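In what follows, a structure is listed as structure tokens, so that the remarks can point back to it.
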Amino acid sequence: MIDGFKRPKLLLIDGNSVLYRAFFAVPLLSNSQGAYTNAVYGFAQMILNVLNQEKPTHIAVAFDKGKATFRHQIYEAYKGKRAKTPPELSGQFEMARMLLDQFRMRYLEAEDYEADDLIGTLARVGEEADFDVMIVTGDKDLLQLVSERVTTCLTKKGTTDLTRYDPAGVRERFSLDPLQVIDLKGLMGDASDNIPGVPGVGEKTAIKLLDEYGSVEAVLDHIDEISGAKLKERLREHCELALLSKRLATIERDVPLTLTLDDLRFAGFALEDVTAAFRTLEFKSLLTRVRDWQGILQETTQVGGQHSLFAGDDTLSTDAHTYREGGAPSAVDERAKEIEQIREDVRIASLDELSEVIASFEGPIAILADGLRRYHTDRLAGVALATADRAVYVKIMASESSERSVSEPPVDGMAVDRTLDQGGALPHRETDDSSVGAGALALQQNAFARQLAPLIELLCDETREKIVFDAKAWRVALHAHGVEAASARPFAHALDALLGTYLLRASEGAPELADAILYAIPEAPIPESLYAAREQSGEPYQIGLALWAQWLSRAREAMIEQLKSKNLWSLYEDVEVPLSYVLADMEIYGVKIDASRLKAIGAELAIEIEQLTNRIYELAGTEFNINSTKQLGEILFERMGLPPVKKTKTGYSTSADVLEKLAPQSEMVTEILRYRMLTKLQSTYIEGLLREIRWPSSRIHTSFHQAKTATGRLSSEEPNLQNIPIRMEEGRRLRHAFVPSQDGWKMVAADYSQVELRIMAHLSRDEALVDAFMTGVDVHTRTASQVFDVPESEVTSLMRRQAKAVNFGIIYGISDFGLSQNLNISRAQAGAFIEQYFAKFPGVRSYMDQAVKFAKEHGYTETVLGRRRDLPGIHSRNFNERSFAERTAMNTPIQGTAADMIKVAMIRLAERLRADGLEARMLLQVHDELIVECPAREVEMVSLHMAEAMEQAIELSVPLRVDLHVGDTWYDAK
DNA sequence: GCCACCTGC
DNA sequence: TCTGGCAGGTGGC
């Protein structure tokens, strides 16, 4: 890769051909249900191999439609002699499609065309868009498509061995140019397809003729020159047949398509989807193989938590089922009845009607997605659309959608793939329903992108007032469905009720849809009918969702008013909404993981864990479950008689701080501490992260929650990439597995230095603290010097460590008890430290007092950017509750302002990276740190941007400092 | 589904 | 009175 640009690779699989080959190559297997699976097995094997070796970025699998094609119109006997599909095979086509669904690969077939023609067309389109194209088939005909950019791989014997043909390969094997393969067939025919050819002309004669003249037409033009009277005669007599045969053998490369290359984007599959499919098919060896790839060390056992494509419905129906089993409480029946009554008010429409449904609405419209609980992978099941007076649910997963061809004109708001901008647009033709079959393409899977076009257009239409709930989920999910919005900021003009409600009530955690509605319209009848609908599956749920959308549409004005009246509008519009775009991009892009590195560390850990386990059993004199705190407590405090330092509600505490106190007395306790550390790494980080890697991209895509924490921070889940170990070297090593996604790229990490203390200095205006930051001394050393009343040069490392704990304690609203626990010193000693601190930093004490006073007066606390957190407990008569609220009043402005600051920095950084046309991509945010990957040549520029965006994010009365680190892995960026 | 525990900032 | 803020994931029960 000279220029660092990786050309996208389009993989085209000839589904019918490969399944046929596999059927005859693999012994006839059947699963325990008696269904034959051998062809699907071979097919799956081939897919795994090709993914592994080729790493395609785009994939399509083409199938024959099994009916008459245009070839039958020109030659009735076409494929006339072909044997019927064996019954043992025919059932496997559907299985193969199901498997492709799980792989999240697009497959397609067309009314009037064979799989060959679809492949021919897509290969041309791919080639024109400067893709590398690879075709997998068992059919030599497809060799005619081979070119500089297109290779054709023929299955050998089995299905796993592929012979790859480039132009030179074709010439070597057949002494022909790829395109002459057609002429070859024109002359010699093809018995299997019942293509006649010229009687008496076989491969050798045909090749000789083509060698000399080049094509069928040229041969016929020069019949007179041909030696051999018999051959001459035959060619004369059958020249029509030769031309017809050539035509039959010619792959059509202009099939009208309604999809774009972008629709074929392959982003990898979810391990659990594919393993579930393999489990159903009982492909045990493939199960092991696909797990090995991902480095899964142990079998995933969470069957109950298994993820379904229809996650929403699935969960709901399971619940409903449990209800019925549990004796069907009559409340549920009554709610069902209630739903029945409101059913008339809601229309359920099919996807075909989407455009017309959208057109029928006027005024502010609410748009709700159904089925996006895990939006990286879930399929959009439907969408609810509503205005104040009307509600419609449009089904998207309806099975009938695949039966009909759909063709929509291109939509302005819809994006065209980057590659298509370069001239690779797919042929496009409007087709009305009466002419279905006249060449329109029926997309089996990614009808979505095209069919959703009216919805995307609506979402991107700046002239339409809208309200949605979690626009980021929409963006990530639409991307996964192969839809990109062309507008840089689609949804920007749509009110995002998730973010709006969060700003209004951050203290209560992530708002649900009902919270958003109820906060704006307290009298909305959510508790009865709408919650009831949610407990049902299928249609009742759809009706419920549509009614929620209706209420949400009515909530729009009120929510905007409330945001404005609380001065939250700017935070909403200038921070949270722009940030949601940045986060969506980060989530979609993901971070590359070196799975083998992770596995290698896991293997080392496994060995030591095994040794530790045995040693612990030996020291305990018995085997027990070390992971069970109950059993461990009994061993330590009863059997071995160690002093129980602390108790929990349920028994002895065995937490690390307790064990650390006991360690000097007992070798076993030391071993247990190490065991705990290593098993934590193994289960949470090695196994947990491996489970989350997507194949074959080898990336992890986390979800950042933007509307969850009480302070305004982000959180990260599935997996959490904000708590990857760093303190202990054993855990820190894991960061070696976080690598740049391209060769020659670097990881750049930038973290704020002492950001919370700087914010405290700003808020308190404490002279000594401000001075410490203005002069750039080490703040913990300065604190130690003050608290312990010694010159800075005489501060010992112990004093600095203790001062650091005091600093953190102050931020969190410390007590002498807490500090004493933390530093393992007496309470009196801790109390003296705190007193001394406040004596030396009096501004800090007065800030703390003022923060509590503000909270008591207003009932909430706020950050520099006006982010609010309600503190109802501030007036509580319960000491604990009140104290907690007071500590929160002191801490939240600090932690929350730090959150505001890095959010602004992220938005600015994203803008600058884009404005400068840099390839650098933001990968992660870890509260006070940003991690970016970029080509080595961009490191300097990116570092400057990061430092500047972060340091200038919010102007404080003390300077902000950012530390920058560059490395080949996250570990090295330290 | 809660608890205890451990990881991060 | 009973003890420092904010998170997410795992395993046991």
Side-chain angles (χ1 to χ4, degrees), chain A residues 301-302 305 506-507 509-510 624-633 646-659 672-673 675-689 691-692 702-705 708-728 730-732 734-735 751-752 754-756 805-823 827 830-831 834 861 869 876-896 898-899 902 924-929:
Chain A
T301 47
Q302 43 156 154
S507 60
F624 65 104
N625 186 344
I626 309 170
N627 294 325
S628 163
T629 48
K630 188 162 169 281
Q631 290 179 41
L632 179 61
K646 201 164 70 175
K647 289 199 128 199
T648 65
K649 283 179 223 170
T650 51
Y652 306 109
S653 169
T654 65
S655 63
D657 57 324
V658 169
L659 297 188
I672 286 168
L673 282 165
Y675 172 92
R676 283 245 179 102
M677 175 173 76
L678 300 186
T679 53
K680 176 75 178 177
L681 292 176
Q682 186 76 290
S683 61
T684 301
Y685 297 103
I686 301 289
E687 291 168 13
L689 288 178
R691 264 201 297 279
E692 300 288 343
T702 185
S703 297
F704 288 105
H705 275 230
K708 180 79 177 280
T709 71
T711 54
R713 275 189 179 178
L714 302 178
S715 76
S716 153
E717 64 175 37
E718 281 187 322
N720 183 354
L721 295 183
Q722 290 182 319
N723 69 346
I724 303 302
I726 189 165
R727 290 180 181 145
M728 295 287 151
E730 289 88 339
R732 188 176 199 154
L734 292 175
R735 293 179 174 226
D751 67 294
Y752 279 115
Q754 313 295 355
V755 68
E756 292 190 336
V806 172
N807 275 329
F808 279 102
I810 297 290
I811 290 170
Y812 297 146
I814 201 170
S815 70
D816 52 5
F817 180 85
L819 185 63
S820 71
Q821 287 294 301
N822 195 335
L823 289 176
R827 204 170 144 168
I834 294 169
T861 182
R869 177 178 182 178
S876 173
R877 286 178 307 281
N878 177 313
F879 177 87
N880 272 335
E881 202 181 352
R882 192 175 63 250
S883 300
F884 180 72
E886 287 171 2
R887 287 195 297 275
T888 308
M890 297 183 253
N891 170 263
T892 296
I894 298 171
Q895 191 182 121
I902 196 162
L924 297 173
Q925 185 253 48
V926 193
H927 309 306
D928 67 348
E929 177 185 18

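Note that the structure is predicted; figures quoted are calculated from it, not measured. Chain letters run A, B, ... following the sequence lines, proteins first, then strands; residues in each count from 1.
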### Task
Test A:Thr861 against A:Thr892 for side chain to side chain donor-acceptor pair (under 3.5 Å), laying out the working first.
CA-CA 7 Å; A:Thr861 182; A:Thr892 296; 5.9 Å; no

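Using a 4.0 Å heavy-atom distance criterion, A:Ala710 is classed as a sugar-phosphate-only contact. Counting non-hydrogen atoms under 4.0 angstrom, A:Glu718 reaches the backbone sugars and phosphates but no base. As judged by a 4.0 angstrom heavy-atom cut-off over every strand, A:Gln895 is placed among the base-contacting residues. Within 4.0 Å of A:Gly813, counting heavy atoms only, lie sugar-phosphate atoms of the nucleic acid but no base atom. In this structure, A:Ile811 reaches neither bases nor backbone, as no heavy-atom distance under 4.0 Å exists between it and the strands shown. Residue-level contact check: A:Glu929 touches neither bases nor backbone, having no heavy atom under 4.0 Å from any strand. Among the protein residues, A:Ser815 comes within range of the nucleic acid bases, having at least one heavy atom under 4.0 Å from a base atom. Residue A:Ser716 is classed as a sugar-phosphate contact, given heavy-atom separations below 4.0 Å to backbone atoms only. Across all strands, A:Ser883 comes closer than 4.0 Å to no nucleic acid atom at all (heavy-atom distances). Across all strands shown, A:Leu819 has no heavy atoms under 4.0 Å from either base or sugar-phosphate atoms. Within 4.0 Å (heavy atoms only), A:Arg727 reaches at least one base atom of the nucleic acid.
The side chain of A:Ser655 sits closest to B:dC6 out of C:dG8, B:dC6, C:dG4. In this structure, of C:dT3, B:dG8, C:dC13, it is C:dC13 that holds the atom nearest to the side chain of A:Ser628. Checking B:dG8, C:dG12, B:dT7 against the side-chain heavy atoms of A:Asn627 singles out C:dG12 as nearest. Between C:dG9, C:dC6, B:dG8, one nucleotide has an atom nearer to the side chain of A:Lys680 than all others, and that is C:dG9. With B:dC5, B:dC3, B:dG8 as the choices, the nucleotide that has an atom nearest any side-chain atom of A:Thr650 turns out to be B:dC3. Side-chain proximity of A:Thr709 to the nucleotides B:dC9, C:dT3, C:dC6 is greatest for C:dC6. For A:Phe884, counting side-chain heavy atoms from C-beta on, the closest listed nucleotide (C:dC6, C:dG4, B:dC6) is C:dC6. Looking at the side chain of A:Met677, the nearest of the listed nucleotides B:dT7, C:dT3, B:dC9 is B:dT7. For A:Lys630, whose side chain is taken as the heavy atoms from C-beta onward, the closest listed nucleotide among C:dG9, C:dC13, B:dA4 is C:dC13. When the nucleotides B:dC5, C:dG8, C:dT3 are ranked by their closest atom to the side chain of A:Arg827, C:dT3 comes out on top.
If you take CG of A:Asn880 and P of C:dG5, they are 11 Å apart, rounded to a whole angstrom. One can place CG of A:Leu632 at 15 Å from C1' of B:dC3, the figure rounded to the nearest angstrom. B:dC3 atom P lies 17 Å from atom NZ of A:Lys647, rounded to whole Å. Here the P atom of nucleotide B:dG8 and the CD atom of A:Glu756 are 16 Å apart, to the nearest Å.
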### Intra- and interstrand pairs of DNA chain C - dot-bracket, Watson-Crick/G-U under 3.5 Å, | marks other strand
....|||||||||

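In this pair, A:Tyr812 lays its aromatic ring flat on the base of C:dG5, centres within 5.5 Å and planes under 30 degrees apart. Evaluation of A:Phe879 against the base of C:dT1 yields no stacking contact (centre distance < 5.5 Å, interplanar angle < 30° required).
Contact of A:Asn822 with C:dG4 (side chain to base): a donor-acceptor pair of N or O atoms is detected under 3.5 Å. Evaluation of atom-type donor-acceptor distances gives no pair under 3.5 Å for the side chain of A:Arg676 against the base of B:dC5.
Shown are A:Thr684, A:Leu924, A:Val926, A:Leu689; of these, the side-chain contact (heavy atoms from CB on, under 4.5 Å) with A:Ile724 is made only by A:Leu689.
A:Arg887 has no side-chain polar atom (N or O) that falls below the 4.0 Å cut-off from OP1 or OP2 of C:dC2.
No hydrogens or angles considered: a donor-acceptor pair under 3.5 Å links the side chains of A:Ser655 and A:Asp657.
Taking the centre and axis of the six-membered ring of A:Tyr652, the NZ or CZ atom of A:Lys647 falls inside the cone set by 45° and 6.0 Å.
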